[in-house]
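Working notes for the structure below.
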Amino acid sequence: GMVIMDLGLALALLTVPLALPGIWVMVAFLSLGTWAGLQPWGWELVYFSLGVGAVSEVLEHVLSWSGVLKAGGTKAEAWGAFLGSFIGGIVGSLFIPIPVVGSLVGLLVGAFLGAFAAGAHRARRERIELSWRAAWARALSLAVKTAGALAILAGTGAAQVSLLWD
């Protein structure tokens with residue numbers, strides 16, 4: 001049971017930097033494993049994972065959104081970066097068939113292009129600067145979300161190691 005759980009958690013972790021719901025897949029794996037009795041640890045790990053997941057999701061969106069706004073962008077440019085990132089992740093995975101790389105490049109390029117398109121009212125140089133900041137904000141937000149997923153994985157590993165000492 002734990003080997004399957006660990007493989008599922010590791011595969012879910014790989015989806016997190018792609019802006020997919022990997023954290024929630026991790027929480028679901030832990031919840032189902034605990035509920036089914038496949039995991040010897042208690043619900044505390046599930047609750048920990050839920051908390052980390054919720055905080056990671058909030059931070060992902062706040063960092064992406066506020067990164068654009070703090071750079072002087074408008075709500076329309078923040079939405080442009082968000083939607084561009086979403087579309088870019090899909091397109092990137094189609095045109096760059098290297099796992100993870102294509103989607104990641106697409107997410108960042110999409111954030112740039114989405115903010116750029118929404119900033120048509122700005123001078124070209126200002127649009128480019130804002131669009132770069134939108135892409136960097138998106139990269140930072142994905143790094144924070146990935147750190148959250150790694151914390152869940154570390155919590156699971158710590159729970160497994162603690163079982164060895166019992």
Side-chain angles (χ1 to χ4, degrees), residues 1-71 78 81-112 114 132-166:
M2 285 206 301
V3 172
I4 292 170
M5 183 67 62
D6 290 344
L7 287 173
L9 291 172
L11 288 174
L13 172 67
L14 292 176
T15 68
V16 174
L18 308 178
L20 295 173
I23 283 182
W24 301 117
V25 172
M26 295 172 89
V27 170
F29 264 97
L30 291 170
S31 298
L32 288 173
T34 302
W35 176 76
L38 298 174
Q39 300 306 318
W41 52 75
W43 285 97
E44 293 82 8
L45 183 61
V46 175
Y47 301 144
F48 166 77
S49 300
L50 277 169
V52 169
V55 169
S56 297
E57 289 289 341
V58 168
L59 285 175
E60 176 194 11
H61 296 293
V62 166
L63 290 171
S64 289
W65 192 267
S66 66
V68 174
L69 297 179
K70 285 190 178 202
F82 173 76
L83 293 173
S85 180
F86 178 76
I87 293 167
I90 296 168
V91 172
S93 65
L94 296 174
F95 288 101
I96 304 173
I98 302 169
V100 179
V101 174
S103 295
L104 241 157
V105 168
L107 286 165
L108 300 178
V109 170
F112 179 94
W132 275 116
R133 289 184 181 203
W136 279 109
R138 188 66 177 131
L140 175 63
S141 73
L142 290 172
V144 167
K145 187 174 180 182
T146 301
L150 287 169
I152 292 171
L153 200 60
T156 304
Q160 289 177 359
V161 168
S162 73
L163 294 174
L164 297 174
W165 293 328
D166 285 342

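L140 CG to S64 OG: the interatomic distance, rounded to the nearest 0.5 Å, is 8.0 Å. Separating the OG atom in S66 from the CG atom in L59 is a distance of 9.5 Å, to the nearest 0.5 Å. Going from atom CG of L20 over to atom CG of L107 covers 8.0 Å, rounded to the nearest 0.5 Å. Of the inter-residue distances, the one linking L150 atom CG with L13 atom CG reads 5.0 Å to the nearest 0.5 angstrom. With rounding to the nearest 0.5 Å, the separation of OG in S49 from CZ in F29 is 13.0 Å. Note that CD1 of I96 is 10.0 Å distant from CG of L104, once rounded to the nearest 0.5 Å.
Tested against L30, the residues V25, L9, L50 include a single side chain to side chain contact (heavy atoms under 4.5 Å, CB included) partner, L9.
Looking at residues two or more places apart in sequence or on another chain, you find no ring-ring contact (aromatic ring centres under 6.0 Å, His included) involving F48. Residues passing the side-chain contact (heavy atoms from CB on, under 4.5 Å) test with L14 are L11, sequence neighbours excluded. Residues satisfying the ring-ring contact (aromatic ring centres under 6.0 Å, His included) criterion with F112, sequence neighbours excluded, are W132.
Remark: the backbone N or O of I90 is paired with a side-chain donor or acceptor of S93 at under 3.5 angstrom. At distances below 3.5 Å, not a single donor-acceptor pair connects side-chain atoms of T34 with backbone N or O atoms of S31.
Residue pairs meeting the salt bridge (charged side-chain N to carboxylate O under 4.0 Å, His left out) criterion with at least one member in residues 85-107, sequence neighbours excluded, do not occur. The salt bridge (charged side-chain N to carboxylate O under 4.0 Å, His left out) contacts involving residues 84-98 comprise nothing, where partners must be two or more places apart or lie in separate chains. Contacts classified as salt bridge (charged side-chain N to carboxylate O under 4.0 Å, His left out) and involving residues 51-69 (residues at least two apart or in different chains) are given here: E57-K145, E60-R138, E60-K145.
W35 CH2: 12 or fewer foreign heavy atoms inside a 6.0 Å radius. More than 12 heavy atoms of other residues, nucleotides or ligands lie within 6.0 Å of CH2 in W24, so this atom counts as buried by the packing criterion.
The two residues L142 and V16 come nearest to each other via the heavy atoms CD2-O, 4.2 Å.
With a 4.5 Å cut-off on side-chain heavy atoms, T156 and M5 do not count as touching.
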